[in-house]
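Following: one structure in structure tokens, then a few remarks.
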Amino acid sequence: MPTDDLPETFHVTTDEQLRAVSNLTRHRIMAVLRFEPATITQIAERVGLAKGSSSYHVRLLERAGLVKVVRTRKVRGVTERYYAMAARSVVLPDPGEGGPDVLMRHAVADLEASPVGERHVRMAHLRLTEEQFAQLGARLQALADEYRELSDPSLPDASLVFALFHPAPRGQAEGSAK
């Protein structure tokens, strides 16, 4: 299915949608569907779930509007449904002060589950002006967009996660850790 007719973004606005994307299994299902439609059986195989569990999670994502049926076909008297993402990207609300950043938690879980030899992880502490901070954020986003356009569904998955942020002041960070 071509993705040309998909909306660019889906904004998570309801509690139901937020609960749907907050689950790591559903996050991984959405990753499977990001490039091409798949059936419940295909999703189950790629994520490593039983078909019943896969079906349950896909139904929750569908009810929340994050995925949709894009094609059906009859196979031995059974209607096979192909699911795809409802938009090219999902925008989560800001978690607010002290709230969990769902996207980063999922990214860390995926990173921890990835093969050790097949990842590049770096952390840099920078001191930037507000203008430099904004420029770096824009350059990182442009780079991610450039490589997303080059993505080929026939190739293995690779995830790019970046976070550019001002850390909490030392006293505030230590106080919330207690």
Side-chain angles (χ1 to χ4, degrees), residues 1-93 95 99-122 141 143-163:
M1 173 190 125
T3 58
D4 297 340
D5 59 342
L6 285 180
E8 186 62 34
T9 56
F10 179 96
H11 292 269
V12 171
T13 57
T14 69
D15 288 342
E16 178 185 26
Q17 293 165 344
L18 190 55
R19 279 191 303 275
V21 298
S22 294
N23 180 278
L24 183 59
T25 298
R26 292 190 285 274
H27 163 78
R28 289 182 174 156
I29 288 171
M30 290 188 305
V32 166
L33 299 175
R34 101 182 105 205
F35 291 116
E36 61 186 344
T39 65
I40 294 294
T41 301
Q42 292 167 333
I43 293 167
E45 289 170 357
R46 292 179 191 161
V47 178
L49 289 174
K51 281 176 32 176
S53 293
S54 179
S55 178
Y56 167 78
H57 288 290
V58 169
R59 274 195 320 270
L60 289 176
L61 288 167
E62 184 179 23
R63 203 171 332 163
L66 292 153
V67 302
K68 63 183 181 176
V69 176
V70 294
R71 183 170 71 235
T72 60
R73 70 179 189 144
K74 289 279 189 186
V75 179
R76 294 184 293 277
V78 175
T79 301
E80 191 172 60
R81 291 175 181 87
Y82 284 81
Y83 294 89
M85 292 299 297
R88 293 176 199 252
S89 64
V90 176
V91 177
L92 300 176
D101 190 314
V102 171
L103 185 62
M104 290 307 294
R105 287 182 184 215
H106 289 334
V108 168
D110 285 345
L111 174 65
E112 289 171 343
S114 72
V116 175
E118 299 180 21
R119 56 188 182 182
H120 302 275
V121 179
R122 303 291 178 270
Q141 185 62 51
L143 187 61
D145 291 344
E146 176 186 339
Y147 276 86
R148 185 175 67 185
E149 291 298 319
L150 297 173
S151 291
D152 180 344
S154 67
L155 297 174
D157 277 348
S159 292
L160 170 66
V161 177
F162 62 87

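All values below were derived from every heavy atom in this structure, side-chain atoms included, with hydrogens, water molecules and symmetry-related copies excluded.
With contacts defined as side-chain heavy-atom distances shorter than 4.5 Å, the pair Tyr82/Glu36 does not qualify. Side-chain contact between Ser89 and Arg148: present, with at least one pair of heavy atoms (C-beta onward) separated by less than 4.5 Å.
A distance-only check finds no donor-acceptor pair linking the side chain of Arg26 to the backbone of Leu61 [under 3.5 Å]. Here the side chain of Ser114 pairs a donor or acceptor atom with the backbone of Leu111 at under 3.5 angstrom.
We find the CZ-CZ distance between Arg88 and Arg34 to be 14.5 Å, quoted to the nearest 0.5 Å. The OG1 atom of Thr41 sits 12.0 Å away from atom CZ of Arg81, with the distance rounded to the nearest 0.5 Å. Distance OG1/Thr79 to NZ/Lys74: 3.0 Å, rounded to 0.5 Å.
Tested against Val58, the residues Leu66, Thr39, Val32, Ile40 include a single side-chain contact (heavy atoms from CB on, under 4.5 Å) partner, Ile40.
Across every non-hydrogen atom of His11 and Gln17, the tightest pair is O-OE1, 3.8 Å. Nearest heavy atoms, Phe10 versus Ala64: CZ-O, 3.7 Å. Considering all non-hydrogen atoms of both residues, Arg28 and Val47 come closest at O-CG2, 4.1 Å.
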- Take Tyr83 and Val70 through the test side-chain contact (heavy atoms from CB on, under 4.5 Å) and record every step on the way to the result. CA-CA 6 Å; Tyr83 294 89; Val70 294; over 6 Å; no
